[in-house]
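Note that this is a predicted model, so its numbers are computed, not measured.
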Amino acid sequence: MTPIITVPWDEEHKLPGLQSQAIKRCFPVDREIVVNEVSFVRKCIATDTSQYDLWGKLICSNFKISFITDDPMPLQRFHYRNLLLGEHDVPLTCIEQIVTVNDHKRKQKVLGPNQKLKFNPTELIIYCKDFRIVRFRFDESGPESAKKVCLAIAHYSQPTDLQLLFAFEYVGKKYHNSGGSGAVGGSNQKTPFFETYSDWDREIKRTGASGWRVCSINEGYMISTCLPEYFVVPSSLADQDLKIFSHSFVGRRMPLWCWSHSNGSALVRMALIKDVLQQRKIDQRICNAITKSHPQRSDVYKSDLDKTLPNIQEIQAAFVKLKQLCVNEPFEETEEKWLSSLENTRWLEYVRAFLKHSAELVYILESRHLSVVLQEEEGRDLSCIVASLVQVMLDPHFRTITGFQSLIQKEWVMAGYQFLDRCNHLKRSEKESPLFLLFLDATWQLLEQYPAAFEFSETYLAVLYDSTRISLFGTFLFNSPHQRVKQSTEFAISKNIQLGDEKGLKFPSVWDWSLQFTAKDRTLFHNPLYIGKSTPCIQNGSVKSFKRTKKSYSSTLRGMPGSLRNGIISDPDLVPRRNSLILKAKPDPPPPPTSQDHGAEQYFREWFSKPADLHGVILPHVSGTHVKLWKLCYFRWVPEAQIHLGGFITAFHKLSLLADEVDALSRTLRQHRAGSLDAGHAGPDESRMYFRVSAHATPGTPDFLSSAFPFSPVGNLCRRSISGTPLSKFLSGAKIWLSTETLANED
Amino acid sequence: MVNITVIFSLQSLFLVGCVPGCLKICANVMSFLLTPLFHFQTSRDGVNWDLSEAVPRLPGETRITDKEVIYICPFNGPIKGRVYITNYRLYLRSLETDSALILDVPLGVISRIEKMGGATSRGENSYGLDITCKDMRNLRFALKQEGHSRRDMFEILTRYAFPLAHSLPIFAFLNEEKFNVDGWTVYNPVEEYRRQGLPNHHWRITFINKCYELCDTYPALLVVPYRASDDDLRRVATFRSRNRIPVLSWIHPENKTVIVRCSQPLVGMSGKRNKDDEKYLDVIRETNRQISKLTIYDARPNVNAVANKATGGGYESDDAYHNAELFFLDIHNIHVMRESLKKVKDIVYPNVEESHWLSSLESTHWLEHIKLVLTGAIQVADRVSSGKSSVLVHCSDGWDRTAQLTSLAMLMLDSFYRSIEGFEILVQKEWISFGHKFASRIGHGDKNHADADRSPIFLQFIDCVWQMSKQFPTAFEFNERFLITILDHLYSCRFGTFLYNCESAREKQKVTERTVSLWSLINSNKDKFKNPFYTKEINRVLYPVASMRHLELWVNYYIRWNPRIKQQPNPVEQRYVELLALRDEYIQRLEELQLASSAKLPDPSTSPAGPSQMMPHVRTHF
């Protein structure tokens, strides 16, 4: 097929009328190139009426589709501004499906890349990965231009190659402009990326893990292309052994340390040993090494995730059904059977399964003092969720914003979660699976159950999910750190970019939130309920400061147990000699499941009978009555589900005002104590809160608040055609999310 | 009991804090309970009180018996304990050292007492009593098989749980509690109508029902159209089921549209018409000149309304009522609701259905019924608030679904009813005074557990209120505990508030003179029932989203007996209260610092006058 797009990547198509403020506002991103555009387009706003529709220009760039209008947005009282995206924009990587319709000829077609379109579209429907459905009508536009824009969108949103994603274009230009230095954005200093030796070393020290060391055998990705360059292994395993063992593991993914409990139990993840002959022996060696790294020489508990949890295909199927149910089907028709339909998606069941399994591993680590090894075929899918959830439950550090981000770097980005394939940025759908969303959803369940235990808000989680769909950032773009280096080095060479000493191009990081949001907007990430380490709280009427308990994790190195010096174990009985009877030396199998289940049951019962220490372990309630649908994330575009002036946000608003006031008082007090008699107030910039006490604001709920806040369904979910035939008629009642198979041939 | 008056304040204090009938597996409750009593007892010379008899007792409550039993706890297995029965409650305390279990159940919640097993039945704990409660739980006690040991317990329980069958008074008439607030004064109909701006040019207050002659299930005081004479009212009464004529419930302060309630018209099979009724409805419509139609919401499903013609009822036909439009709201009758709640109990007690929770919940249809009730109320509220038309609401008799719809619509429309006292007035007005048949629906003191008149209509209303409070966390002055307390005392028979079917019966029994009002308990301890997030707003209409996507099972009520479904105090609420205390503490400290610094500085012009000057923006907001 011949490419339809005439504008090649390299050719810069200057934006006409760049002086216009409206245009400037919509194209804040460097290196963004307009590919095609069409004027006199109508954007549909409401489902049942066309009276709110907006007139403007639809533009396809190499980063997003934009709709530029001078019409004010109707109905909408508030819009959370993303600095990269206008309120009508959709990043190309967020597009799931493009449907063109000609309602005179009663034709429709799902547009793939490099496809022909035999009719002039009167309507364009963009199905987005973030559940939005955006519709444009071309009744008054030039038919040829409309067609070209549709084809351009189809082409650019379904690139054939990773290097065609916008991030490359963007970062390449940055390097050109800055003369070779990788000064892209001001990356957030606080979040460790775990790209370096020292980040891992600090994490070992922070958790007080003894018997573990940073291993650099994968420098330059010499061992494995899906492992990070640096990772942590038992001290007793020598580099040479690891190199030998690595051949037996799927993807050469040998055991990776995730985290250590203060009692010495470690959380480890690894791939399956594919070499059947060596399996037992290597497994034995690994287990022994992990046991040796435990100060009490405790056994290893293995958890085979492939056998206990739903697989990625099942999770994807659940997600597709959930999306179908939440946004694509008519609201009223799904009401009667809502609960059973929701159950039938199995999404909540899977969220529960992950929470439950992770909580059981918390019990093993915390109560039974055993190290846990997560085993999975490749060790880079379900392991990411479980390893992260276990750490969120056990370590309050990961419930702070920086900590949570470092966890995602550690257990997802660096551990080789295949963001490119799972997010399906290149639209090769067979590998798609929303594991990262499932993790965010499970985290939300914990946040919902322990609202004061997290530094971040649910808005943060939703925005983080959305950020996986913005192809400007390198964070969620690749299948592994190696892929970034390899692809960006290739790209640099082809573009004559001097990399110098750098390993690949440095892409902007999602954690640099200032690229997306203003400082004021970023305060919406803060949870006003959060009780930080240093935040005083009231107990029995008197102010107390939170003190770290013995169990908490500090950044200082903990003393090592006496028997353990420099990682060498003095007790010879515990070291199985080489060539000794392996069977004899094999660690005891885990006790029969019944007795362990009983122990877990007891542990959970006792834990739940006491008030939760928000700076200690938190465990999820996993019964059907407790695990709920994350409404902000899944209903934010659904107008019918929006509670105007209601929802949790209204309580959040009140809390923020109070927390802000308490913060201000505390600052004033500190100033007083510091001897300053000037009782002036701290500037508003110091506030952590989005909603602040102000002399002008009237008490009461601001009228822009709704249960969808800070998002808005206005114009973001147009299920049915506004003028002419409802789309459902074209689809003859097809009840599935528009799939290529159903529609591809109907042109 | 001689000592009752002395200990009363202490006990009432305790009982306020503790939901009656609450299952406690918490040792410190016991010490809280025992310590003050112990002090009191030791101070009384000569009175030899066995500590083990220390059972909370209300003034007027007398002990009948006690017995050693095995409580078959559905969650923790059999627990040996001593059960104490008074004329008000069943109280069980564990005799096992490792369990601090307490069971405190007002006898009023008991719906049914059955003997289980026989003198010859085998197996451990197979002989005893099985008690079904109205508040979503069952209790099971095992007793020794020898010597008919359960017989007297069965008889005493039956006698005091079902006093009506034994010509005994309901406990509320024996209760001698005293509160510093009199809850009976909360609702004064004249004052409430005056608050609504009534009477006015179009509506008048009539005393035609002063002696309940017009309608024996209506209150004495009614608001009717100014242009309808008392004679008109009498004629209309003949055409409305049980003479429950259309009367005003609420008037919009600005557009003056109204919510009017009544029972079904007596149309019957032959399709009878009544000119007076037709004219009366038109008079109601005409109180707003500019509006051409009166909207009638028949709460029932269409088919039920038609079926009612067979028993003389029916609905307003188009040809008879030209200036009215009628809509059916599809809310089912009391029997459907009762069966639905039974199914809820089946899936939550004692064990919560785990494997298919959501579809099981769906199959109870409970939330679907909640949705229909809320949807109906939203429609009523929307009509009135938009000024489109006045609304007349009825079902069959106008005391179940009608009360739900009018009171919920009023709650949406009028922020006054969202305050604690406002809500009490709403319940007192739309439910109690307008003759919701509490006695029949709840069966206070009645042993006839299978009575077809029983139905959880009021519970369903409270559930709807809870759903609204979930969707609007800052709109209500009261918290969840307030709603649960109301429901607990709906059954407990400790207060006179919910006794009897109508105002005339209550007056006859002198309920306000002889019993204590539930609102006395609540209003003398309001802080406990306050929602810290409450933001008072005037004239804001609340429209909840009556969608299955937002409706939830009220776990903290329906599943509260299950210790595994933890009922933790709302952490968000708790944190807010903590922050409030912190703020006060900081303000106080700041004041002290400022005082100290002003003392150091003798020049008065530089010393701050007070915290209000120091922090103008901080204090004014609150």
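- The line from OG1 of A/Thr650 to CZ of B/Phe533 is 9.0 Å long, rounded to the nearest 0.5 Å.
- Put simply, of A/Phe604, A/Phe652, A/Phe635, the one with the most heavy-atom pairs under 4.5 Å next to chain B is A/Phe635.
- Residue with the most contacts toward chain A among B/Leu358, B/Val352, B/Val348: B/Leu358 (heavy-atom pairs, distance under 4.5 Å).
- The structure places CZ of B/Arg575 at 11.0 Å from OH of A/Tyr530, a figure rounded to the nearest 0.5 Å.
- The shortest non-hydrogen separation linking A/Leu339 to B/Met548 is CD1-CE, 3.9 Å.
- For a residue to count as touching a neighbouring chain, one of its non-hydrogen atoms must lie under 4.5 Å from one of that chain's; by this rule A/Glu349 does not touch chain B.
- B/Arg564 has its side chain out of reach of A/His621: every pair of non-hydrogen atoms, C-beta onward, lies at least 4.5 Å apart.
- Contact of A/His653 with chain B is not made at all, since no heavy-atom distance falls under 4.5 Å.
- When each of A/Ser623, A/Ala452, A/Cys326 is checked for heavy-atom pairs under 4.5 Å with chain B, A/Ser623 comes out on top.
- B/Glu354 and A/Arg352 are joined by a salt bridge, as a carboxylate oxygen and a charged side-chain nitrogen come within less than 4.0 angstrom of each other.
- The structure places CD of A/Gln671 at 10.0 Å from CG of B/Leu590, a figure rounded to the nearest 0.5 Å.
- For B/His356, the parts lying near chain A are the backbone and the side chain together; criterion is any non-hydrogen pair under 4.5 Å.
- Closest non-hydrogen pair, B/Arg583 versus A/Leu658, comes out as CD-CD1, 3.9 Å.
- In this structure, the portion of B/Leu367 lying under 4.5 Å from any heavy atom of chain A is its side chain and not its backbone.
- No side-chain donor-acceptor contact under 3.5 Å links B/Gln471 to the backbone of A/Gly646.
- Heavy atoms of A/Leu614 lying under 4.5 Å from chain B are absent altogether.
- Contacts of A/Leu348 with chain B are made by side-chain atoms alone, with heavy-atom separations under 4.5 Å and no backbone atom involved.
- Using a 4.5 Å cut-off on side-chain heavy atoms (C-beta onward), A/Ser666 and B/Tyr586 make contact.
- One distance of note links CG of A/Leu529 with CG of B/Leu579; it measures 8.0 Å at 0.5 Å rounding.
- Side chain of A/Lys337 to main chain of B/Ser359: no donor-acceptor pair is present (N/O by atom type, distance under 3.5 Å, no hydrogens or angles).
- One N or O on the side chain of B/His550 and one on the backbone of A/Ala641 form a donor-acceptor pair closer than 3.5 Å.
- In this structure, chain A has a heavy atom under 4.5 Å from the side chain of B/Glu552, while its backbone stays farther away.
- Proximity to chain A (any heavy atom under 4.5 Å) is shown, for B/Tyr558, by neither the backbone nor the side chain.
- A pairwise comparison of heavy atoms in A/Lys654 and B/Thr535 identifies CD-OG1, 3.0 Å as the closest pair.
- Note that the OG atom of B/Ser547 and the CH2 atom of A/Trp338 stand 7.5 Å from one another [nearest 0.5 Å].
- Nearest approach of B/Lys371 to A/Glu332, heavy atoms of both residues: NZ-OE1, 4.0 Å.
- At a 4.5 Å heavy-atom cutoff, the contact between B/Val572 and chain A is made by backbone and side-chain atoms alike.
- Under a 4.0 Å N-O distance rule, the pair B/Arg549/A/Glu335 qualifies as a salt bridge.
- When the candidates A/Glu336, A/Arg605, A/Glu343 are compared by the number of heavy-atom contacts under 4.5 Å with chain B, A/Glu343 comes out ahead.
- When all heavy atoms of A/Val662 and B/Leu582 are compared, the pair lying nearest together is CG1-CD2, 3.5 Å.
- Proximity to chain B involves both the backbone and the side chain of A/Phe648, based on heavy atoms less than 4.5 angstrom apart.
- Environment of NZ in A/Lys356: sparse, with no more than 12 heavy atoms of neighbouring residues, nucleotides or ligands closer than 6.0 Å.
- Atom CG of A/Leu655 and atom OG1 of B/Thr474 lie 11.5 Å apart (nearest 0.5 Å).
- Looking only at heavy-atom pairs under 4.5 Å with chain A, the residue among B/Ser360, B/Pro473, B/Pro532, B/Ala475 that has the most is B/Pro473.
- The greatest number of non-hydrogen atom pairs below 4.5 Å with chain B, out of A/Leu342, A/Asn344, A/Leu669, is found for A/Leu669.
- The backbone N or O of A/Leu645 sits less than 3.5 Å from a side-chain atom of B/Arg540, completing a donor-acceptor pair.
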